[in-house]
**Student:** 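A single structure is presented below for examination.
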Amino acid sequence: MSDPVIVTSALPYANGPIHFGHIVGAYLPADVYVRFRRMCGDDVHFLCGTDEHGVAITLKAEKEGVAYPDYVDHWHERIHRTLQRFGIEFDAFSGTASHRNEHHAPLAQQFFTDLLRNGWLVEREEEQFFSESTQRFLPDRYVEGTCYLCGYDKARGDECPRCGKFLESKRLLEPRSTIDGSRPVLKSSKHWYLDLGRARDEWLRAWFLGKHGQWKPNVENFVLGDLAELRERPITRDLPWGVPVPLPGTAGKVLYVWFDAPIGYLSISKQYFAKRGEPERFEKLWRSPNTRLFHFIGKDNITFHAVIFPAMLKGTGRGWILPENVPANEFFNFEGRKFNTSSGWFVPESSVADDPTDVLRWALCSMMPETADSEWTWSEFQARVNGDLADNLGNFVTRTLRFVEKFFEGAIPPRSGETLAQDKALDDAAVRTVAEVREHFGSFRFRRALAAILALGGECNRYFDAEQPWVLVKQTPTRRRAGDVMHACCRMIDLLAVLIAPVMPATARLIRRAMHRESVPLAFASIAPRHEFPNEGIRGAPLTTVFPKFRDERGEEKTALFRKVTDERVASERARLAELASAAVAPAPATTVSPTKSPAEALAATVDYEGFTAVDLRAATIVAAERHPKADRLLVLRVDLGFQTRTIVAGIAASYSPEELVGRRVIAVANLAPRTLRGVESQGMLLAGDDAGGKPRLLAPDAATPDGVRVR
RNA sequence: GGCGGGAUAGCUCAGUCGGUUAGAGCGAAGGCUUCAUAAGCCUUAGGUCGCGGGUUCGAGUCCCGCUCCCGCUACCA
């Protein structure tokens with residue numbers, strides 16, 4: 001029996017939907033890897049769940065007036081459905097909230113007390129605002145007051161929206177709670193910090209350096225940079241939602257969400273084994289030195305999984321295993337930009353509603369950001385589906401099986417026993433491919449695995465062409481050879497089913513069913529070094545009863561393994577995006593609106609007419625523009641308001657070059673208090689809204705409105 | 001500005017320890033073929049490996065400088 005394997009995917013935060021970027025970064029690669037290891041005969045446990053604590057969740061839930069558990073339940077369900085859509089099949093998908101996973105809080109508390117006992121935690125006392133009306137400490141974001149630097153009376157606890165400075169919340173003047181307006185008092189609060197610097201010096205750096213060469217280079221480089229800057233990190237907060245700190249006199253204190261989240265991997269598997277009536281297996285699995293632990297994550301999570309969580313695991317002294325590898329992926333973009341759910345820059349579920357799960361999985365794997373950022377484009381999707389799946393693999397399968405159906409009455413003929421040089425060559429190619437594919441799946445290089453599979457598909461098509469069975473089959477003396485060729489092709493199809501199975505499990509089963517071989521396990525173990533395929537004849541099923549039926553773009557009935565992506569479809573998707581890109585402010589797409597999440601920015605508080613007219617807006621023209629000498633994002637503009645010309649500094653360098661701005665009409669805020677921005681005084685501001693990519697776009701008055709006219 | 005990543009064929013990318021004439025897929029041009037989903041196969045064209053120095057018998061690969069792009073970060077009021 002091989003060593004047990006634990007595979008985890010990053011716990012999605014139960015505060016919003018997940019999109020292609022998450023799928024391709026952490027969930028699909030894990031699922032593919034799990035299927036691959038199982039096909040190799042390994043005992044794999046695949047764990048995931050939602051991360052359900054933290055300030056962001058409490059803020060959103062409170063804003064929507066929903067109880068925390070109900071709020072996270074909604075996203076838990078929604079996220080789980082999305083994962084299932086992509087065929088991600090976990091052994092356990094749970095979460096970190098106590099109502100979902102009764103094992104989580106006790107285990108997280110055990111981590112805390114273990115670390116405390118072993119001296120890895122540092123205790124510090126600091127002053128923080130406390131609301132007496134609600135009897136709880138207020139995170140900085142819940143406190144509002146007068147800025148002690150500029151006098152602005154609506155400064156937030158962490159920073160002042162007017163002067164832009166970071167603030168020390170306890171120095172705010174006239175502080176008040178944003179929850180009920182009551183005046184909080186300063187009260188000292190005790191918190192605990194994880195001493196990561198000491199862990200690094202004592203063992204963490206050495207442990208990590210010992211992994212040199214085994215982890216992906218992008219991950220290794222990232223961690224090396226991290227190690228240099230490790231410090232203490234607070235692991236507790238004053239918050240009403242989370243895992244309580246397990247010490248007397250700490251009411252209202254919980255473990256910081258980043259601390260309790262990764263412990264979810266353990267608590268979820270503990271819950272899983274408990275439910276199965278085998279509670280003893282949990283510790284056995286997680287404390288056996290033979291167990292191999294793999295964390296699949298996006299690159300934004302590297303520090304937690306490669307540095308902090310190992311420090312936590314080791315620090316407990318309980319012998320929890322440390323990760324064998326953290327195969328983090330880079331970022332996945334969409335048609336040249338970052339995915340952005342709220343502005344519509346993403347792939348709506350409706351756009352891929354008709355695409356089989358396997359097809360999406362294959363396409364995403366072929367674009368996976370394994371070593372560098374990559375992106376989804378519709379034309380790339382079309383190329384992968386049409387060229388790789390339909391034309392190469394799919395067509396080889398159908399041309400072979402149809403040939404058997406047509407010329408051999410659906411019965412794959414037995415081999416004659418004669419093997420020609422080209423048969424041997426094909427077989428050698430297959431053996432080589434199997435070795436390559438195993439190697440690549442095993443080392444998280446899925447794109448290469450797919451490329452190797454496609455190369456074998458090419459070999460198979462060339463073999464078919466070169467042997468010309470359609471000629472051989474028509475004459476009696478050569479008919480037997482045609483049978484041998486078909487037998488070899490069927491054997492290759494049977495093998496291809498195994499090779500694609502980690503990525504396209506349903507398609508693999510479909511192919512097997514077409515040859516009445518669904519009872520034969522899809523296993524890599526069975527094809528080392530040579531794929532076993534019976535020498536006797538095999539009766540195939542009529543393709544029309546097995547493969548999908550559809551109408552192609554010309555309206556013809558088709559029975560085939562894969563349906564092609566039409567040019568029209570690509571064009572319409574790109575048209576949608578072009579529209580989004582050209583819109584000054586992107587409209588919120590209806591397809592993603594969920595009951596609890598509004599894609600639009602929250603509406604500001606109501607103002608009366610006087611409140612509005614307090615802002616003096618004027619039509620104006622830019623007469624000169626240059627880059628700010630000391631800030632990359634700022635432009636220094638001379639703006640003609642009709643009655644005077646002013647200098648205005650605007651943060652629009654990401655969208656406009658100085659040259660293209662001269663002569664441009666704009667709307668300016670004319671009575672804004674002047675402010676110095678990195679050394680240049682700005683006497684007003686320009687109105688702008690963000691485009692779909694988050695870049696600012698200027699608003700312009702109608703041409704008939706002269707400079708200086710007031711805008712109301 | 002700071003930190004990190006990157007720049008290789010029209011496009012997407014591979015290129016290990018420095019080693020022969022820098023590769024693949026797609027796209028393009030031409031041809032062959034009819035079992036198969038307008039599928040398959042063959043051939044051809046296409047490169048100043050971002051720029052400039054350096055190390056070396058030898059540099060896409062290592063070192064230094066520069067330009068441009070992406071991310072994080074600071075400056076957006």
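Chain identifiers are assigned alphabetically (A, B, ...) following the order of the sequence lines, protein sequences preceding nucleic acid strands; residue numbering begins at 1 within each chain. Only a predicted model underlies this, so the values are computations on that prediction, with no experimental measurement involved.
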**Student:** So which nucleotide from U37(B), G71(B), A39(B) ends up closest to the side chain of Ala560(A)?
**Tutor:**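 It is U37(B).
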**Student:** Could you list, one pair per line, each protein nitrogen or oxygen that sits under 3.5 Å from a nitrogen or oxygen of nucleotides 31-34 of chain B, together with the distance?
**Tutor:**
none

**Student:** Taking the C1' atom in each of C49(B) and A7(B), what is the distance between them to the nearest angstrom?
**Tutor:**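 Taking atom C1' in both C49(B) and A7(B), they lie 10 Å apart.
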**Student:** Show your working on salt bridge (charged side-chain N to carboxylate O under 4.0 Å, His left out) between Arg710(A) and Asp616(A) and close with a plain yes or no.
**Tutor:** CA-CA 7 Å; Arg710(A) 184 145 184 207; Asp616(A) 191 334; 3.3 Å; yes
**Student:** Quick one: CD on Glu335(A) to CZ on Phe381(A), what's the gap to the nearest 0.5 Å?
**Tutor:**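 Output value for this atom pair is 12.0 Å.
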**Student:** Out of curiosity, Met486(A) CE to Thr400(A) OG1, how far, rounded to the nearest 0.5 Å?
**Tutor:**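 It is 5.5 Å, given to the nearest 0.5 Å.
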**Student:** Taking the nucleotide of RNA chain B with the closest heavy atom to each, which residue, Glu459(A) or Phe407(A), is nearer the 5' end?
**Tutor:**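 The 5'-side residue here is Phe407(A).
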**Student:** Rounded to the nearest Å, what distance is computed from the NZ atom of residue Lys564(A) to the P atom of nucleotide U37(B)?
**Tutor:**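 Roughly 11 Å, once rounded to whole Å.
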**Student:** Quickly work out the Glu467(A) CD to A36(B) C1' distance and round it to whole Å.
**Tutor:**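 Checked: the CD to C1' distance equals 17 Å.
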**Student:** How many angstroms lie between CZ in Arg481(A) and CD in Glu467(A), if you round to the nearest 0.5 Å?
**Tutor:**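 Rounded to the nearest 0.5 Å, the CZ-CD separation comes out at 4.5 Å.
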**Student:** Expressed in angstrom and rounded to an integer, what is the separation of Asp388(A) atom CG from C26(B) atom P?
**Tutor:**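 That distance rounds to 8 Å.
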**Student:** So Phe464(A) and Trp470(A), would you call those rings parallel, tilted or perpendicular, with 30° and 60° as cut-offs?
**Tutor:**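 Taking Trp470(A) first and then Phe464(A), their aromatic rings lie parallel (interplane angle under 30°).
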**Student:** Hey, what do you get for NZ (Lys424(A)) to CG (Leu420(A)), rounding to the nearest 0.5 Å?
**Tutor:**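 Nearest 0.5 Å value for the NZ-CG distance: 13.0 Å.
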**Student:** Can you run through RNA chain B from 5' to 3' and write each base as (, ), [, ], | or . depending on how it pairs? Watson-Crick or G-U wobble, both distances under 3.5 Å.
**Tutor:** (((((((..((((.....[...)))).(((((.......))))).....(((((..]....))))))))))))....
**Student:** Would you mind reading off the distance between Leu456(A) atom CG and G25(B) atom P, rounded to a whole angstrom?
**Tutor:**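 Rounded to the whole Å, the gap is 15 Å.
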**Student:** For nucleotides A14(B) and A22(B), find the distance between their C1' atoms and express it as a whole number of Å.
**Tutor:**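 11 Å, rounded to whole Å.
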**Student:** In Å, rounded to the nearest 0.5 Å, how long is the span from CD of Gln644(A) to CZ of Arg618(A)?
**Tutor:**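 One gets 9.0 Å once the value is rounded to the nearest 0.5 Å.
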**Student:** Under 4.0 angstrom, heavy atoms only, what part of the nucleic acid is Leu561(A) near: base, sugar-phosphate, or nothing?
**Tutor:**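 Counting heavy atoms under 4.0 Å across all strands, the contact made by Leu561(A) includes a base.
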**Student:** Starting at atom CG of Asn461(A), determine the distance to atom C1' of C42(B), rounded to an integer number of angstrom.
**Tutor:**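 My rounded result for the distance is 14 Å.
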**Student:** Which value, in whole Å, describes the distance between the C1' atoms of nucleotides G25(B) and G46(B)?
**Tutor:**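 That atom pair is separated by 15 Å.
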**Student:** Base, sugar-phosphate, or nothing: which does Ala383(A) touch, judged by heavy atoms less than 4.0 Å apart?
**Tutor:**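 Nothing, no heavy atom under 4.0 Å.
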**Student:** With rounding to the closest Å, how many angstrom separate the C1' atoms on U8(B) and A59(B)?
**Tutor:**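 Comparing C1' positions in U8(B) and A59(B) gives a spacing of 14 Å.
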**Student:** Heavy atoms only, 4.0 Å cut-off, all strands: where does Ala650(A) land among base, sugar-phosphate and nothing?
**Tutor:**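 It contacts sugar-phosphate atoms only.
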**Student:** Just to be sure I understand the rule, does Phe562(A) reach a base, reach only the sugar-phosphate, or reach nothing, if contact means heavy atoms closer than 4.0 Å?
**Tutor:**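 The answer is base, as Phe562(A) lies within the cut-off (heavy atoms under 4.0 Å) of a base atom.
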**Student:** Does a donor on one side chain sit under 3.5 Å from an acceptor on the other, for Arg447(A) and Ser366(A)?
**Tutor:**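 On atom types as modelled, these side chains do not qualify, holding no pair under 3.5 Å.
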**Student:** If you measure from the P atom in U20(B) to the same atom in C62(B), how many Å do you get, rounded?
**Tutor:**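 So the two P atoms sit 16 Å from each other.
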**Student:** Report the distance from atom CG of Asn329(A) to atom C1' of G71(B), rounded to the nearest whole Å.
**Tutor:**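 After rounding, the gap between these two atoms is 16 Å.
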**Student:** Does Asp355(A) use its side chain to pair, donor to acceptor, with the backbone of Leu360(A) at less than 3.5 Å?
**Tutor:**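 Checking the backbone N and O of Leu360(A) against the side chain of Asp355(A), no donor-acceptor pair under 3.5 Å is found.
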**Student:** Using the P atom as the reference point in each nucleotide, state the distance between G18(B) and G4(B) in Å, no decimals.
**Tutor:**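 Going atom to atom, P in each nucleotide, I get 22 Å.
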**Student:** May I ask you to check if Arg200(A) and Phe208(A) form a cation-pi contact, with NZ or CZ under 6.0 angstrom from the six-membered ring centre and within 45° of the axis?
**Tutor:**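 Here Arg200(A) fails the 6.0 Å and 45° test against Phe208(A).
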**Student:** Between atom CG of Leu661(A) and atom CG of Leu698(A), what is the distance when rounded to the nearest 0.5 Å?
**Tutor:**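 These two atoms lie 6.5 Å from each other.
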**Student:** Considering only NZ, NE, NH1 and NH2 on the basic side and carboxylate oxygens on the acidic side, decide whether Lys558(A) and Glu556(A) come within less than 4.0 Å.
**Tutor:**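 Yes, this pair counts.
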**Student:** Looking for any heavy atom pair under 4.0 Å, which part of the strands does Val473(A) touch: base, sugar-phosphate only, or nothing?
**Tutor:**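 Answer is nothing: Val473(A) stays at 4.0 Å or more from every strand.
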**Student:** Separation of Phe334(A) atom CZ from U12(B) atom P, in whole Å?
**Tutor:**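 To the nearest whole Å, that distance equals 16 Å.
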**Student:** Between Asp552(A) and Arg563(A) (salt bridge meaning N to carboxylate O under 4.0 Å), is one present in this structure?
**Tutor:**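 Arg563(A) and Asp552(A): not salt-bridged.
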**Student:** Would you list the protein and nucleotides 13-17 of chain B atom pairs, both N or O, that sit under 3.5 Å from each other?
**Tutor:**
from	atom 1	to	atom 2	distance (Å)
A14(B)	O3'	Arg448(A)	NH2	3.2
G15(B)	OP1	Arg448(A)	NH2	2.8

**Student:** Using atom C1' of each nucleotide, how far apart are U33(B) and C41(B) to the nearest Å?
**Tutor:**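 One C1' to the other, the span is 7 Å.
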**Student:** Please report the distance, rounded to the nearest Å, between CZ in Phe403(A) and C1' in A36(B).
**Tutor:**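 Rounding to the nearest Å, CZ of Phe403(A) and C1' of A36(B) are 10 Å apart.
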**Student:** Ignoring hydrogens and angles, are the base of A36(B) and the side chain of Asn395(A) linked by a donor-acceptor pair under 3.5 Å?
**Tutor:**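 Checked by distance alone, the answer is yes.
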**Student:** If you compare all heavy atoms of Leu472(A) against all heavy atoms of Ala482(A), which two are closest, and at what distance to 0.1 Å?
**Tutor:**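 Heavy-atom minimum between the residues: CB-CB, 3.7 Å.
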**Student:** With P as the reference atom in both, quote the distance from G6(B) to C64(B) in angstrom, rounded to an integer.
**Tutor:**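 Pairwise P distance, G6(B) against C64(B), rounds to 15 Å.
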**Student:** A39(B) phosphate, OP1 or OP2: any side-chain N/O from Lys558(A) under 4.0 angstrom?
**Tutor:**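 Looking at the OP1 and OP2 atoms of A39(B), neither is under 4.0 Å from any side-chain N or O of Lys558(A).
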**Student:** Give a yes/no answer on whether the side chain of Arg462(A) brings an N or O atom under 4.0 Å of OP1 or OP2 in C42(B).
**Tutor:**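 Yes, Arg462(A) has a side-chain N/O under 4.0 Å of OP1/OP2 on C42(B).
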